[in-house]
2 protein chains.
Amino acid sequence: MFTQAEENYLKAIYKITQHTADQTVSTKSIADELGTSSASVTDMIKKLTDKSLLSYEKYYGVSLTREGQKLAIMLLRKHRLWEVFLHDKLGFNWDEVHDVAEQLEHIQSYLLIERLDEFLGYPKFDPHGDPIPNENGNFTYRNQVSLSSVQETGKKLTMLGVRRHQADFLKYLDSIHLKPGVQLTILSKQAYDQSLRLQIADRDEILITQQVSQDILVKP
Amino acid sequence: MFTQAEENYLKAIYKITQHTADQTVSTKSIADELGTSSASVTDMIKKLTDKSLLSYEKYYGVSLTREGQKLAIMLLRKHRLWEVFLHDKLGFNWDEVHDVAEQLEHIQSYLLIERLDEFLGYPKFDPHGDPIPNENGNFTYRNQVSLSSVQETGKKLTMLGVRRHQADFLKYLDSIHLKPGVQLTILSKQAYDQSLRLQIADRDEILITQQVSQDILVKP
DNA sequence: TTAAAATTTTAGACAAAACTAAAATATATA
DNA sequence: TATATATTTTAGTTTTGTCTAAAATTTTAA
């Protein structure tokens, strides 16, 4: 099939298209995403283009072909299912799952991933609240808004996920007992810096900055 | 740590030492085991010797150092734990587990394997009846003999494992409902070709050749 | 015990995936 | 619009793991 390096390039390109309007991705953005040189990226682009996973025009940029996109989504599916396994079955913390899932996602076995999905009860979201594509590559859509955009105070909210996945951010949220599924209430909002005083579950109240609240997703 | 290729060489060398009296392994036997050329083996031996996983004398042969052996046993541990997971949790047949475990055993995470062991209930044997080394590399010993060596007829025996792991052999055993844990009784033995008439569980009796009975292990 | 056969090693080459340095092209700005 | 800056590509190297062919060594057997 494809090498791990090839798969990592497809994932990176897919990820970049997710948070940009354009479907066309620059060499540099891929290099930045993977922490590699532009020259290496150009080399790999050629290989993936030859394998018709990318369409590519020199000096202009690349985009995923239908086949390339399908493959990228299946990698995301595998990654997120493994994260659920590590978290739900093996008791990993949500900040520990990513690195191991990054390895597990490259295991080649269609049967494995379908059986794993079944074993986990066909989960729709991973431990960070990100949607898991199904066998056909379809994502479950759900309404979610940034905690920073919520105006009402006193209303009970449910945390759904995060927008940043860095381990230190997740560890911080953990330390204040915030993770997907937890109930929280905005007690008050500071007008000048948009910081929030929160009640998390039934615990003591806590203060979080806007920088943090922007990256927390809740049910609207 | 070590590359997959390096790990595969260590495993191969360990495997060869298991069914030979000598701890010293020839270049050719490694090449045969891995389906590669002797020249490639010589190259890799040098690398592994530099990393003090092997001790090596030109034209004479190699043996695993204590460190190399430890690593090989940990790979066996990972392989067999994954086989248990695939078989017990994901419902893989015992002839399907090997190839996927071959990939999974290279995943690098100490936590993963210790948690997996715990999740599986610290199994002592894999789906083929092979012992799983514990965290310290120790195997559980148990008395087991080849079915071909059993003389008494009419005695209830318990199958413990197999000596061959080829998928077609396992599929054949499956088709006659033989697998570890199953109760069987020798009804009679043909003197001239050592073939056995067996009762397996409560099913119809069946005839197996000595070639097959030699590779079936039972509680003595 | 010496010649033939088998094994092992060396030498040289190749593909994959990365790098650096330099050249080519595109974009931004004065 | 012309030039400076940024991006992209090319060219040439490196490392890993493989290969084939040939040389060196060991083993087998006449």
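For clarity, every value in this text was computed on a predicted model and none was experimentally measured. Residue numbering restarts at 1 for every chain, and letters A, B, ... go by the order of the sequence lines.
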Below 4.0 Å: OP1/OP2 of [N] and any side-chain N or O of [X]:
| X | N | answer |
| --- | --- | --- |
| B:Y59 | C:dA6 | no |
| B:S40 | D:dC19 | yes |
| A:Y9 | C:dA18 | yes |
| A:T3 | C:dA17 | yes |

In this structure, how many angstroms lie between the [atom2] atom of [N] and the [atom1] atom of [X], rounded?
| X | N | atom1 | atom2 | result |
| --- | --- | --- | --- | --- |
| B:H106 | D:dG17 | NE2 | P | 12 Å |
| B:K46 | D:dG17 | NZ | P | 15 Å |
| B:E57 | D:dA24 | CD | P | 21 Å |
| B:I45 | C:dT10 | CD1 | C1' | 14 Å |
| B:F2 | D:dT16 | CZ | P | 13 Å |
| B:D43 | D:dT15 | CG | C1' | 13 Å |
| A:K28 | C:dA28 | NZ | P | 14 Å |

In terms of side-chain heavy atoms, does A:S55 have a donor or acceptor partner in A:T65 at a distance below 3.5 Å?
-> no

Can you tell me how far the NZ atom of A:K219 sits from the CZ atom of A:R142, to the nearest 0.5 Å?
-> 8.5 Å

Closest-nucleotide 5' rank along DNA chain C - winner of A:K58 and A:T36 = A:T36

Have a look at A:T27 and say if it touches a base, only the backbone sugar-phosphate, or nothing, with a 4.0 Å heavy-atom cut-off.
-> sugar-phosphate

Has the side chain of A:R80 got a donor or acceptor atom that lies under 3.5 Å from a matching backbone atom of A:P131?
-> yes

Ignoring the backbone of A:M44, work out which of C:dT20, C:dA26, C:dA17 is nearest its side chain.
-> C:dA17

Are A:H128 and A:H165 an aromatic pair by the rule of ring centers under 6.0 Å?
-> yes

